[in-house]
Amino acid sequence: MSWLARQRRDGTQVIGVELTDESVRLADLPAARARTVVVLGHEQTGMPPEALELVDLAVEIPMVGTGSSLDVAVAGSLVLYRLSGLL
């Protein structure tokens, strides 16, 4: 069993930072109230499908302009800041 699958089994919320048809906007992501794991994908190719299947929720970071993705460190920081309830 994968590490992510074990986390979910043990009650941890798993959030993936990825643009999907079901993704919620970063602004709509509530603050974490329980143990949470954030999964970030590759800056160019995103999350692998097998990891995406294991997330409870996917979150997207809206962007203005022509870029298609943020630096992974920036994306992770924004999501963690939002989950902390500070953004």
State, to 0.1 Å, how close [X] and [Y] come at their nearest heavy-atom pair, and which atoms those are.
X     : Y     : answer
Gly85 : Ala31 : CA-CB, 3.8 Å
Leu40 : Met47 : C-CG, 4.2 Å
Glu43 : Val72 : OE2-N, 3.1 Å
Leu26 : Arg82 : O-NE, 3.3 Å

| Spacing of CG belonging to Leu4 relative to CD belonging to Glu50, to within rounding of 0.5 Å |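 Atom-to-atom, Leu4:CG and Glu50:CD are 10.5 Å apart.
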| Which distance, rounded to the nearest 0.5 Å, do you find between the CD of Glu18 and the CG of Leu57? |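 With rounding to 0.5 Å, CD (Glu18) is 12.5 Å from CG (Leu57).
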| task | Identify the residue among Leu19, Leu78, Leu29 that makes a side-chain contact (heavy atoms from CB on, under 4.5 Å) with Val59. | result |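 So, applying the side-chain contact (heavy atoms from CB on, under 4.5 Å) to Val59 and each of Leu19, Leu78, Leu29, only Leu29 qualifies.
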Is any side-chain heavy atom of [Y] closer than 4.5 Å to one of [X]?
X     : Y     : result
Leu83 : Ile15 : yes
Ser23 : Thr20 : yes
Leu54 : Val14 : no

| task | Using the salt bridge (charged side-chain N to carboxylate O under 4.0 Å, His left out) rule, collect all pairs that involve residues 22-34, keeping only residues at least two apart or in two chains. | result |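 Only Arg25-Asp28 qualify under salt bridge (charged side-chain N to carboxylate O under 4.0 Å, His left out).
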| message | Would the distance check show the side chain of Gln13 and the main-chain N or O of Thr36 forming a donor-acceptor pair, the cut-off being under 3.5 Å? | response |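 Answer holds: no.
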